[in-house]
Amino acid sequence: MTRVTDALDPETVERVRALVQSAARVIALTGAGVSAESGVPTFRGAGGLWNSVRAEDLATPEAFGRDPRLVWEWYGWRRALVLQCAPNAAHRALADASRRHPSCRVITQNVDGLHAAAGGPAPLELHGSLFRIRCTRCPDRRDDRDPIDASSYETLPHCERCGSLMRPDIVWFGEALDETVLSEACRLATAAQLCLVIGTSAVVYPAAGLAKLTLRGGGTVIEVNVDATPLTDIATFSLRGPAAEIVPRLLGETQSAT
Ligand code: OAD
Ligand code: ZN
């Protein structure tokens with residue numbers, strides 16, 4: 001049975017810390033909520049991006065085919081917004097934990113690059129990156145942080161190799177995840193003794209299914225979220241509260257390391 005608990009219940013925090021420390025292999029599956037306290041908007045829930053714009057208009061290959069300037073304008077806005085944001089205590093605690101324990105891996109649905117900015121081993125980015133672009137025609141892809149000028153088709157990023165239009169290197173609705181990234185994530189999730197599910201609404205698959213792979217492999221699921229999610233029922237503990245407050249308490253070397 002899931003034990004839903006207040007973030008600051010010290011007994012639960014201690015029990016989860018002990019689970020984390022005794023697990024040989026840990027994965028952290030993160031979503032937009034882990035970056036909320038850095039100022040990056042989430043997709044769903046209060047203030048979520050999908051409340052004011054439709055994903056079908058901005059985050060599908062069809063939308064890009066119809067109106068690449070509109071899609072690039074939105075991604076340019078998101079890139080500029082995220083460039084103003086810094087990793088928070090949750091990103092830092094996860095980076096520290098994966099530096100200290102190479103068998104602790106971060107698997108993220110986020111495209112904001114804040115896990116990488118916190119240092120430590122590179123996270124597995126399931127949905128791509130806001131700061132990588134790829135050609136719509138040839139295999140060319142590159143890192144890119146420049147401001148997007150969406151005032152005309154010509155000013156949008158174009159391929160240095162073949163001259164075609166570039167697109168964000170992000171997995172859009174209706175598209176498959178990168179096979180290598182997904183199979184590595186599935187392998188890690190199945191082998192994990194502990195899966196920390198942090199700040200995700202757990203409604204987008206296959207990402208949300210990774211926690212179930214851990215469970216099926218005999219591991220334990222712990223959730224950190226300000227709200228309940230469809231994964232709450234399979235979690236041994238569901239800690240309710242902001243990630244930047246809770247995650248450092250679970251992962252810090254000592255309780256005072258928050
Ligand atoms: P969502 O926006 O769907 O969910 C964010 C989750 O974070 C919700 O469950 C919130 O309750 C929780 N949350 C909000 N603030 C929090 C905080 N401070 N601490 C902890 N939890 C908090 O984001 P994702 O689950 O990441 O896909 O969304 C999954 C995918 O759907 C995204 O990767 C994106 C989106 O469409 C693509 O862009 C391909
Ligand atoms: Zn090209």
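Below, each value reflects all heavy atoms present in this structure, side chains not excepted, and no hydrogens, waters or symmetry copies. One is the number of the first residue; the rest follow in order along the sequence.
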Salt bridge (charged side-chain N to carboxylate O under 4.0 Å, His left out) between E11 and R15, intermediate numbers included: CA-CA 6 Å; E11 190 204 317; R15 286 176 66 181; 3.7 Å; yes
Would you say the side chain of [Y] lies within less than 4.5 Å of the side chain of [X], judging by non-hydrogen atoms?
{"X": "R216", "Y": "T190", "answer": "no"}
{"X": "C195", "Y": "T220", "answer": "no"}
{"X": "L251", "Y": "V20", "answer": "yes"}
{"X": "V171", "Y": "E125", "answer": "no"}
{"X": "L94", "Y": "I198", "answer": "yes"}
{"X": "V197", "Y": "L210", "answer": "no"}
{"X": "P68", "Y": "T136", "answer": "no"}
{"X": "I148", "Y": "P157", "answer": "yes"}

Hey, does the side chain of [X] reach the backbone of [Y] with a donor-acceptor pair shorter than 3.5 angstrom?
{"X": "T155", "Y": "D149", "value": "yes"}
{"X": "S103", "Y": "A24", "value": "yes"}
{"X": "S35", "Y": "S38", "value": "no"}
{"X": "N225", "Y": "T200", "value": "yes"}
{"X": "R145", "Y": "L83", "value": "no"}
{"X": "T214", "Y": "A189", "value": "yes"}
{"X": "N88", "Y": "V34", "value": "yes"}

Quick check on the hydrophobic clustering: are [X] and [Y] connected, directly or via other members, by side-chain heavy-atom contacts under 4.5 Å?
{"X": "L231", "Y": "L215", "answer": "yes"}
{"X": "L182", "Y": "L188", "answer": "yes"}
{"X": "L165", "Y": "Y75", "answer": "yes"}
{"X": "I170", "Y": "F43", "answer": "yes"}
{"X": "I222", "Y": "L213", "answer": "no"}

Once rounded to the nearest 0.5 Å, what's the spacing between atom [atom1] of [X] and atom [atom2] of [Y]?
{"X": "L126", "Y": "I107", "atom1": "CG", "atom2": "CD1", "value": "6.5 Å"}
{"X": "E56", "Y": "R66", "atom1": "CD", "atom2": "CZ", "value": "9.0 Å"}
{"X": "E73", "Y": "S151", "atom1": "CD", "atom2": "OG", "value": "9.5 Å"}
{"X": "R142", "Y": "R134", "atom1": "CZ", "atom2": "CZ", "value": "13.5 Å"}
{"X": "F173", "Y": "L58", "atom1": "CZ", "atom2": "CG", "value": "11.0 Å"}
{"X": "D169", "Y": "L130", "atom1": "CG", "atom2": "CG", "value": "10.5 Å"}

Salt bridge (charged side-chain N to carboxylate O under 4.0 Å, His left out) for D140 and R161? Distances and angles first, verdict last. CA-CA 7 Å; D140 207 45; R161 206 195 295 182; 3.5 Å; yes
Quick one: do D144 and F131 satisfy side chain to side chain contact (heavy atoms under 4.5 Å, CB included)? Show the steps, please. CA-CA 5 Å; D144 182 88; F131 301 106; over 6 Å; no
Chi angles and distances behind the side chain to side chain contact (heavy atoms under 4.5 Å, CB included) call for H101, R25: CA-CA 9 Å; H101 307 288; R25 290 174 302 280; over 6 Å; no
Please report whether the ring centroid of H158 lies less than 6.0 Å from that of Y153.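 Between H158 and Y153, which both carry aromatic rings, the centre distance is below 6.0 Å.
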Locate the shortest heavy-atom distance separating [X] from [Y]; write the atom from each residue and the value.
{"X": "A23", "Y": "L194", "value": "CB-CB, 4.0 Å"}
{"X": "P41", "Y": "G47", "value": "CB-O, 4.2 Å"}
{"X": "P123", "Y": "T108", "value": "CB-CG2, 4.5 Å"}
{"X": "P248", "Y": "A243", "value": "CD-O, 3.6 Å"}
{"X": "T229", "Y": "A202", "value": "OG1-CB, 4.1 Å"}
{"X": "G241", "Y": "V224", "value": "O-CG1, 4.2 Å"}

Do other residues, nucleotides or ligands put more than 12 heavy atoms under 6.0 Å from R100 CZ?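 Count over threshold, so yes.
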Verify side chain to side chain contact (heavy atoms under 4.5 Å, CB included) between V26 and R105, making sure each step is shown before the conclusion. CA-CA 6 Å; V26 177; R105 293 292 303 273; over 6 Å; no
Can you name the one residue among D112, L114, V106 that meets side chain to side chain contact (heavy atoms under 4.5 Å, CB included) with N110?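 Exactly one pass, corresponding to D112.
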Assess whether salt bridge (charged side-chain N to carboxylate O under 4.0 Å, His left out) is satisfied between E62 and R54, documenting all intermediate values. CA-CA 13 Å; E62 293 77 21; R54 290 170 7 126; over 6 Å; no
H91 and T30: side-chain hydrogen bond (donor to acceptor under 3.5 Å, both in side chains), yes or no, with the steps? CA-CA 10 Å; H91 298 109; T30 68; over 6 Å; no
Name the orientation class of the two ring planes belonging to W72 and F64 (parallel below 30°, tilted from 30 to 60°, perpendicular beyond 60°).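 The arrangement is perpendicular - the two ring planes meet at more than 60°.
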Validate the cation-pi geometry between R79 and W77: distance from NZ or CZ to the six-membered ring centre under 6.0 Å, angle to the ring axis within 45°.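 The answer is no; the distance or angle limit is not met.
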Report the C-alpha separation of V16 and T12 in whole Å, then their side-chain angles, then the decisive distance to 0.1 Å, and conclude whether the side chain to side chain contact (heavy atoms under 4.5 Å, CB included) test is met. CA-CA 6 Å; V16 176; T12 308; 4.2 Å; yes
